2 protein chains.
Amino acid sequence: MTTARRSDATRAAILEAARERFAADGYERATIRAIAREAGIDPSMVMRYYGNKEGLFAAASEIDLALPALGALPSRHIGAVLVNHFLDRWERDDVLTGLLRVGVTNEAGAARMQAVFEEQLGPVTLGVCPRPEEAPARAALVASQILGMALARYVLRLRPAVDMDRDELVAWLAPTVQRYLTAEKP
Amino acid sequence: MTTARRSDATRAAILEAARERFAADGYERATIRAIAREAGIDPSMVMRYYGNKEGLFAAASEIDLALPALGALPSRHIGAVLVNHFLDRWERDDVLTGLLRVGVTNEAGAARMQAVFEEQLGPVTLGVCPRPEEAPARAALVASQILGMALARYVLRLRPAVDMDRDELVAWLAPTVQRYLTAEKP
DNA sequence: TCCGGTAGTCAACGCTTGTTGGCCTACGCT
DNA sequence: AGCGTAGGCCAACAAGCGTTGACTACCGGA
């Protein structure tokens, strides 16, 4: 392993501040100056450690969805498990919100979001859906419902979506996801 | 009615260009200068006619979803009708895409999107769902699925979501929307 | 035919942005 | 103790932004 650098704390502070600003403001309005101010250092340090703004975003938007292996559990629960997992993941930190906010207006952000879902959600769906060639379409359907709810609840903050409690939300969404994954093609 | 002004053609050109740029770039990257260039006039004309950038966006994001009255048709078709209508509306022009792109990073855009769905989708759901007090939550659920698919298909351009054809898409989404509107609370 | 107001251009303003290079400081190894 | 170097700050840059005000051209009614 590489030896710990003296600057690791600063690098981490920058990354944390960057995630916060990207999540709150999106790509353009999250300025390097604001990120540096929040991290308590000079803007030029950001450039030194991450090259440029794009590089900073690339580093700040690295994420592991840590999706569970669905094959092991009773197939009629996978909808609920998946929805719960995503809601947890969305509320733990700002990374997914940032990814969504940036992906909508920034080419690189959209590409990153595409890659995350293809590489991490794709394999999971492949394991549980009836015909493997349908897996990508089913994954996209699941993504549409998950992303849509995240958009309504965490980004646009539509009142009823924010007010619904967790159980209610899962009770509504789980059957949808379940059907997208396991039902016969309609 | 107000008499036609000589400048109406210019005003319309500005609005058209603005919708295009907002839809393609979002709020910050859609510059007044670029909009003016696309409309073939000077940037200062935009200010003259719409006051400032916010005013321009307000004018460019006015939209009538023109949702059909669902009460009149057999209740088992309302899912399909609604999904089809939204897909049509999304593909006819850039306004909804612009609203979505701007709403994600801009406070005023988010408020506008909130208002559009509350005022136009709200009443429609009220007419078809079992208990009126559940209408807002059901409307939000429908919005989450519709917006999520629009996001995946028209904004993030996730491959499988783009490649699915219309009939397939409707076949998958219609039952979801149908259930959110008419099924008993789970 | 004159004349007022509308349509439009032009040049500039103040500000913020990403990014750069030079300079200082202080840690940690020998 | 001395010194190289990594960590950090400061000041400035060019470019682009929204916005403003002064100025010109021209159409239409009197």
Side-chain angles (χ1 to χ4, degrees), chain A residues 1-61 98 101-102 105-109 112, chain B residues 1-61 98 101-102 105-109 112:
Chain A
M1 85 180 220
T2 42
T3 71
R5 279 160 303 192
R6 218 179 347 137
S7 60
D8 282 349
T10 303
R11 298 176 114 95
I14 293 175
L15 230 51
E16 192 190 354
R19 285 196 253 259
E20 207 168 307
R21 299 325 304 162
F22 281 135
D25 296 336
Y27 191 78
E28 337 287 332
R29 287 184 35 217
T31 70
I32 291 204
R33 284 169 151 93
I35 291 168
R37 197 177 322 126
E38 190 160 318
I41 46 93
D42 191 88
S44 62
M45 298 305 293
V46 178
M47 310 302 293
R48 206 210 271 285
Y49 292 142
Y50 297 98
N52 55 25
K53 195 178 179 179
E54 271 196 51
L56 175 61
F57 172 73
S61 64
R101 273 225 164 87
V102 173
T105 39
N106 183 276
E107 200 56 48
R112 177 65 135 233
Chain B
M1 83 177 221
T2 42
T3 69
R5 280 160 302 194
R6 223 184 336 142
S7 60
D8 282 349
T10 303
R11 297 176 115 93
I14 293 175
L15 230 51
E16 191 189 357
R19 286 197 251 261
E20 207 167 308
R21 299 326 304 162
F22 281 133
D25 294 336
Y27 191 78
E28 337 285 332
R29 288 183 36 217
T31 69
I32 291 205
R33 285 168 150 94
I35 291 168
R37 198 177 322 126
E38 190 160 317
I41 45 92
D42 190 89
S44 63
M45 298 305 293
V46 177
M47 310 302 295
R48 209 216 272 287
Y49 292 144
Y50 297 99
N52 54 24
K53 196 177 178 179
E54 270 195 51
L56 175 62
F57 173 72
S61 64
R101 273 225 163 87
V102 172
T105 40
N106 183 273
E107 201 55 49
R112 176 65 136 234

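Because the structure is a prediction, the values reported are computed rather than measured. Every chain is numbered from 1, with letters handed out A, B, ... down the list of sequences.
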Can you check the [X] [atom1] to [N] [atom2] distance for me, whole Å?
X	N	atom1	atom2	answer
B:E54	D:dC17	CD	C1'	15 Å
B:R5	D:dC27	CZ	C1'	17 Å
B:R6	C:dG4	CZ	P	16 Å
B:R33	D:dA15	CZ	P	14 Å
B:R11	C:dT6	CZ	P	11 Å
A:M47	C:dT20	CE	P	5 Å
A:M45	D:dA6	CE	P	13 Å
A:I41	C:dC24	CD1	P	21 Å

Minimal heavy-atom distance between A:A58 and A:R112, with the atoms involved, is O-NH2, 2.7 Å
Residues A:A60 and A:A18: closest non-hydrogen pair is CB-CB, 4.2 Å
When rounded to the nearest 0.5 Å, the distance separating OH of A:Y50 from CE of A:M45 is 10.5 Å
In this structure, CG of B:N106 is separated from NZ of B:K53 (nearest 0.5 Å) by 8.5 Å
Between B:I32 and A:G40, the residue closer to the 5' end of DNA chain D by nearest nucleotide is A:G40
Which of C:dT19, D:dG18, C:dA7 is nearest the side chain of B:K53? It is D:dG18
Short side-chain N/O contact from A:S44 to OP1 or OP2 of D:dC9, under 4.0 Å: no
Using the ring of each side chain (for Trp, its six-membered ring), is B:F22 parallel, tilted or perpendicular to B:F57, with breaks at 30° and 60°?
perpendicular
| query | Under 4.0 angstrom, heavy atoms only, what part of the nucleic acid is B:T10 near: base, sugar-phosphate, or nothing? | reply | sugar-phosphate
field: Donor-acceptor pair present, A:R48 side chain and D:dG8 base, under 3.5 Å
entry: yes
Comparing nearest nucleotides in DNA chain C, the 5'-proximal residue of the pair A:T31, A:D42 is A:T31
